[in-house]
Amino acid sequence: MNITFDNKVAIVTGAAGGIGRVCAELLAEGGAKVALVDYHPERLAEATKNVQKKGIAQGYRLDVADTSAIAPTVSRIRQELGEVDILVCCAGIAAPMLAEEATEAVWDNMLAINTKGLFFCNQAVAIQSMIPRKSGAIVNIASVTGIIGMPPPFMTVAYSASKGGVVQITRQEAVEWAKYNIRVNAVAPTMVVTDMTKELLEDPEGKAAALNLMPLHRFGEPYDVAAAICFLVSDAAKMITGVILPVDGGQTAQ
Amino acid sequence: MRLANKVAIITGASSGIGRSTAYLFAKEGARIAVANNINVAGGEETVASIKASGCEAIFVKTDISVASEVENLVKVTKDKYGKIDILLNSAGIFGSTKETPIEDTDESLWERVYAVNVKGIFLTTKYVVPEMKKASGGVIINIASMGGIRPVGPRNAAYLSSKGAVITLTKALAIELAPDNIRVNCINPFMTETRMVKQLPAEVIKAAVSTIPLGRIVKPEDIAYAALYLASEESSMLTGASINVDGGHGI
């Protein structure tokens, strides 16, 4: 046994983003048929084209905050690619704000995408493909901010809340769906070099502060997180469920 | 091959998790130094099987709780293979396989459990780290236990607390050694089908397995694959992590 995904169907949400894109590529390289899901049509088209160079892939436009559109999208994927074995939920947003300045609109939007949208993607795929076939592997993207508090200058209150929710969704589903042989795990990355963190990492002070959080003293690359995801959805991890795996250069060991 | 050209020291590879991991690491290209003390025949058998499959391994009889023996292990491995990239600390003992309340815990039992489970990791790490520093990096993987997180099951405070120590030792070393690019992580197995666990009463095993949401006993291979991930470059951003391979027992 090794990390191969031959004959598997995988859905990656947020597949046009930094982590999702690399994850979709690795899954396709490993032999999976990959459904790339993203809300942004041009970036989705471009990411899909890229993944198609590595293997079989198709793009599906979906805003996960629009929960009524999730189940129909999963149905379409099943019709076009087959029953879903693997779900990776990368879709998410971040917005810095001090706790005393957080607004309701930003809060609601963050939770709608990062937490509620993620849960209903988990639910739709579980109901349609995984529970009936008593098999499946789900990985959700949490964050170190869902486990620990962040020192200044990081202003992550809504983001942290949304990711703390992802941690508990993951654990609860892992317990409930173990009887259907569905494994549910999460990765908890630290600062990864993507568009989401670009602004922060371009600021020399923000960059230095972020680096100091990590004993390994480097930022995560999308590959670091994607490789952890591929391990968790592979058969190599078939006794692992309910785990929140930090990919954080030692940040939460401190 | 995910560990091509790597050299790994694996303690406790005479059976169970250590042996299963030694086989997998060898298959992935690593040359292995098998180190154990009590079950010498088992260690030699592990080496023979690896060689029979066309891979490289040596056996170094080592009591990991004795500094001079650990120094020898590191020296012999270095002389044979030139370097040490990976240290997997898999050697461990229960000390007692029956109910052992604290007031019935002999001092000698306590000391033996800590000597193997905790001091052993201290010593192997102490003597391997200079080699890893010379090589500008390395990977250390410790086999702790879910007992170090949720100390349930038969009473055996010596064993359970020693595994808690392994988890904290892992994190302390992860922080200390990160500037040298040495990653230190641990795996927390639960009720794994090994020679060691088979010494437990059948009803204890059955009761434990009933607390596993995925509904089966853990296999040594389940642990080996997690160790392979931690040993490979794929996990190069992971340090200080503690991965439960427990079928969901600890959620």
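Computed from a predicted model, the values in this text were never measured in an experiment. Chain A is the first sequence line, chain B the second, and so forth, proteins listed ahead of strands; every chain is numbered from 1.
- Contact of Thr170(A) with chain B is not made at all, since no heavy-atom distance falls under 4.5 Å.
- Contact of Val247(A) with chain B is made through backbone and side chain together, with heavy-atom distances under 4.5 Å.
- Of the residues considered (Arg218(A), His217(A), Gln254(A)), Arg218(A) shows the highest number of contacts with chain B, using heavy-atom pairs under 4.5 Å.
- The interface of residues 22-37 of chain A with chain B, defined by heavy-atom distances below 4.5 Å, is empty.
- When heavy atoms are compared at a cutoff of 4.5 Å, Ile187(B) does not approach chain A at all.
- For residues 85-92 of chain A, an interface with chain B (any heavy-atom pair closer than 4.5 Å) does not exist.
- For residues 242-251 of chain B, the interface with chain A (any heavy-atom pair closer than 4.5 Å) comprises Ile243(B), Asn244(B), Val245(B), Asp246(B), Gly247(B), Gly248(B), Ile251(B), sorted by residue number.
- Contact annotation for residues 229-237 of chain B against chain A (heavy-atom separation below 4.5 Å, listed by residue number): Tyr229(B), Glu234(B), Ser236(B), Met237(B).
- Residue Leu177(B) does not touch chain A at all, counting heavy-atom pairs closer than 4.5 Å.
- The structure places CD of Gln251(A) at 11.0 Å from CD1 of Ile175(B), a figure rounded to the nearest 0.5 Å.
- Minimum interatomic distance between Ala178(B) and Pro215(A) (heavy atoms only, all atoms of both residues): CB-O, 3.2 Å.
- Around the CG atom of Asn7(A), the shell of radius 6.0 Å holds no more than 12 heavy atoms that belong to other residues, nucleotides or ligands.
- Remark: Asn5(B) CG is loosely packed, at most 12 non-hydrogen atoms of other residues, nucleotides or ligands lying under 6.0 Å away.
- Looking at heavy atoms from C-beta onward, Lys238(A) lies out of side-chain contact with Lys219(B) at the 4.5 angstrom threshold.
- Heavy atoms closer than 4.5 Å to chain B are found in the backbone of Phe219(A), but not in its side chain.
- Asp222(B) CG to Ile240(A) CD1: the interatomic distance, rounded to the nearest 0.5 Å, is 8.0 Å.
- Interatomic distance, CD1 of Ile223(B) versus CE of Met239(A), reported as 8.5 Å (0.5 Å rounding).
- Under a cut-off of 6.0 angstrom, the local environment of NZ in Lys207(A) is sparse, with at most 12 non-hydrogen atoms contributed by other residues, nucleotides or ligands.
- Atom CZ of Arg195(B) has 12 or fewer heavy atoms from other residues, nucleotides or ligands within 6.0 Å.
- Heavy-atom distances place both the backbone and the side chain of Arg216(B) under 4.5 Å from chain A.
- Heavy-atom distances place both the backbone and the side chain of Leu216(A) under 4.5 Å from chain B.
- Counting heavy-atom neighbours within 6.0 Å of Glu199(A) CD, excluding the residue itself, gives a total of 12 or less.
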